[in-house]
> 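Starting off with a structure, shown below.
The first residue in the sequence is number 1, and the count goes up from there. Predicted model only: the values in this text are computed from it and were never measured. Indexing begins at 1, ligand by ligand and atom by atom, following the structure's order.
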Amino acid sequence: MLADNTDLIQPTCSNDSYAGGHFIAGQLVAAASDETFVVTNPATGREVGRAALGNARDVEKAVAAAAKARQQWAAVPVRERGAKLARGATRLLEQAEEIARLLALETGKAIRTECRPEVLTAADIGTFYAGLGSELKGETLPFRPDLLSVTIREPLGVVAAILPWNVPLVLMMLKIAPALVAGNTVVVKTAEEAPLATLMAARILAEELPAGVLNVIHGFGPECGQPLVEHPLVAKVTFTGSQPVGETIYASAARKLIPVSLELGGKSPMIVMADADLPKAVAGAIAGMRFTRQGQSCTAASRIYVHETIYEDFLTRLAAETRKLKIGDPLDETTDIGTIISQDQMERITHFIAIGRETPNVRMIVCGTAPDDANLDPALFALPTLFADIPDESPLMREEIFGPVACVVPWSDYEDVLEAANDTDFGLAASVWTNDLAKALDATRRLDAGYVQVNQNLTIQPNLSYGGFGKSGLGKEASLEAMLEHFSRKKTIVFAG
Ligand code: NAI
Ligand code: MG
C-alpha cells in the first residue's frame, strides 16, 4: 500500500510503517528488515512519523534500480531531462506549504523564516539547472587536419547523494538537479533526523521522472550510508555533513577510485572595518550567523571581528537586535527562531557554551527568552548567545559549533585581523564590511575562503559557485561548473576519414 503525501504530514500516521518508506524504482517500500525508526518533532518531543530503517540490502535494491534506469535516462534528450526537472520544480512550488510544514515538524525550524523559503530555494535551484542542459558541451581539439578530434560529456552513472538535516531540501536539490540534468541516476540517503520532507519533495519531483531515476533511502550512517558509498555500482558520491564523516567517505571512495564532492562546514570570519555601515553590519551578522536557523549552518559567520573603535557599539546593537527575534513554536507565523535538531546537537552546543562561560575575561551575552508554551518541550530551545572578547585559541573560535553561538572580538591592526581570519582549518565563507573599495578588494583577495562577500552575508544562491577550501571540503556546488565538473565525464573521440 502506498501512503499518499498527505499521510506523511499527519502525526496520526505514526503507526504506519510505510509513512516514510524507501522510495525505490518509483515505489514506496518498507525496509528489507521491515524495521523503522522514529522521526521526532524537536519542538514537542512527539513523534512526527517513522522512516524505513535502511541497511545494505536496501542499498542494494536502490542502487540496482538506479543502475537499471541509467541507460534509458541518459538516452533522454538533454533538454527533455531539463524540462522534466522544471516541471518537478513547479510541482514543488504548488505543494510548498505541505512540504514546508513537514520540514518544520521534523527539524524544528520556523516555518516562516526558514522552511517556506527553503522549499522556494530548492525549487529555484531545480529551475536553474533545468535550463542548463545544453551547456553540457564538449570541444573540438586542434590536432591534425585529416582528423576530427572532439570531446563529449557523458553522465557518470549512479550518483549517491548523502544529506544532512540542517537544510535537507536545498542540499538535496544542489546535488540531484545537476546530477539528473547531466543524465545520471541518483540514490539519495536522507539524514536520519529529517528524512520525511526530503522524501516528500523527492516523490513529487519523481512524478515527472521515469521509475528508478531518483531513489531515496533512509537509515543511519554506518549501516546505510557506508554501504551506499562502497557499492560497486555507485560512480560518484556527493556529501554534505561533518568533517570526520567526509574524511571516511573520501577514504572509501579512494579505494574504489571514484570522484567525490564534499561540503564539510566551516568557521567563517566576518571582518567589520571602522568605516562600516553599523546597522547594516549588525543586520548582516544576524543573517550571517543564521540565527533564524539556530545557527545550524555551515556558512555561519561565527567569528565576528569588529574594529575596536566601533566594537562596543556593535556589540550593544547586535545584542539588542538579536533580542527582537522571537523564539517559539516553529509552526507559529510570528516565530523567528525554532529549535535545535536533536539532543546530541544540543549537548554539543551546551558543551561549547560551558567552555565560553568558564573562560576568564570573556563576556557572555544571552539574547532572547525561551518560549512559555505548555505544548512545547523546552529541551531543545537554545537562546542566541554572544561571546565577547574571546581569545583566538579558544575552541569556540576554532571548532564548528553548529548552534546559535557567535564569537565577537575587537581588532585594531588590519594585517593582524586578516591573519586571524585566515588562521583556521576551514575555508568555506568570509565577509568584509566596509565602504572603502580598496580595502574591500584587498581583503577579498586575501581571505582564504571559497565564498567571500562584501557588505552582505547571503546564503547559497543558484549560479554562485559554492564550495570550501581546506577542511571545508572539495568541489563546487550550485553552479554550471558544479554540473560540468562534478556530474559528467569527458571523453575524447578522434575521427579519421
Ligand atoms: P554527519 O556527518 O554524521 O551526518 C551527515 C550525513 O552523513 C547523514 O545522512 C548521516 O547518516 C551520514 N553518515 C554518517 N556516517 C556515515 C558514513 N560512515 N558513511 C556514509 N554516510 C554517513 O553529521 P551530524 O552527525 O548530523 O552532525 C554533526 C556535525 O556535523 C554538526 O554539529 C556540524 O558541525 C556538522 N554538520 C555540517 C553540515 C554542513 O552543512 N556542512 C551539515 C550537518 C552537520
Ligand atoms: Mg553523525
> Under 3.5 Å, is there a donor-acceptor pair between the Ser342 and Glu193 side chains?
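Per modelled atom types, Ser342 and Glu193 side chains form no pair under 3.5 Å.
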> Please work out whether any backbone atom (N, CA, C, O) or any side-chain heavy atom from C-beta onward of Ile401 is under 4.0 Å from ligand 1, and answer side chain, backbone, both or neither.
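Neither; no heavy atom under 4.0 Å.
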> Have a look at ligand 1 and work out which part of Leu171, if any, has a heavy atom under 4.0 Å from it: side chain, backbone, both or neither.
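Near ligand 1, Leu171 shows nothing, with every heavy atom at 4.0 Å or more.
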> Students should be able to answer this: which protein heavy-atom is nearest to atom 3 (O) of ligand 1, and at what distance?
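I find the closest protein heavy atom is Val245 CG2, 3.6 Å.
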> Is there a polar contact between ligand 1 and Trp165, counting only N or O atoms under 3.5 Å apart?
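For ligand 1, there is an N or O atom that lies under 3.5 Å from one belonging to Trp165.
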> Would you check whether Thr248 has a nitrogen or oxygen atom less than 3.5 angstrom from a nitrogen or oxygen atom of ligand 1?
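Thr248 vs ligand 1: no N/O contact under 3.5 Å.
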> Quick one: does Phe402 get an N or O within less than 3.5 Å of an N or O on ligand 1?
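So ligand 1 has no N or O lying under 3.5 Å from an N or O of Phe402.
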> Of all the heavy atoms in Val167, does at least one lie under 4.0 Å from an atom in ligand 1?
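Flag not set, Val167 not near ligand 1.
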> Look at the aromatic rings of Tyr451 and Tyr466 and report parallel, tilted or perpendicular, splitting at 30° and 60°.
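Perpendicular, since the angle between the ring planes exceeds 60°.
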> Backbone, side chain, both or neither: what part of Gln243 comes under 4.0 angstrom of ligand 1, heavy atoms only?
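No part of Gln243 comes within reach of ligand 1.
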> If you measure from atom 32 (O) of ligand 1 to every heavy atom of Lys189, Gln345, Glu400, which option wins on shortest distance?
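Looking at heavy atoms only, the winner is Gln345.
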> Just one of Arg112, Lys109, Glu114 clears the side-chain hydrogen bond (donor to acceptor under 3.5 Å, both in side chains) bar with Thr292, so which one?
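Of the listed options, the one satisfying the test is Glu114.
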> Considering only protein heavy atoms, which is closest to atom 19 (N) of ligand 1, and at what distance to one decimal place?
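For atom 19 (N) of ligand 1, the nearest protein heavy atom is Gln226 OE1, 3.2 Å.
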> Ignoring hydrogens, just give me the one of Ala161, Gly265, Gly241 whose non-hydrogen atom is nearest atom 37 (C) of ligand 1.
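Shortest heavy-atom distance from atom 37 (C) of ligand 1: Gly241.
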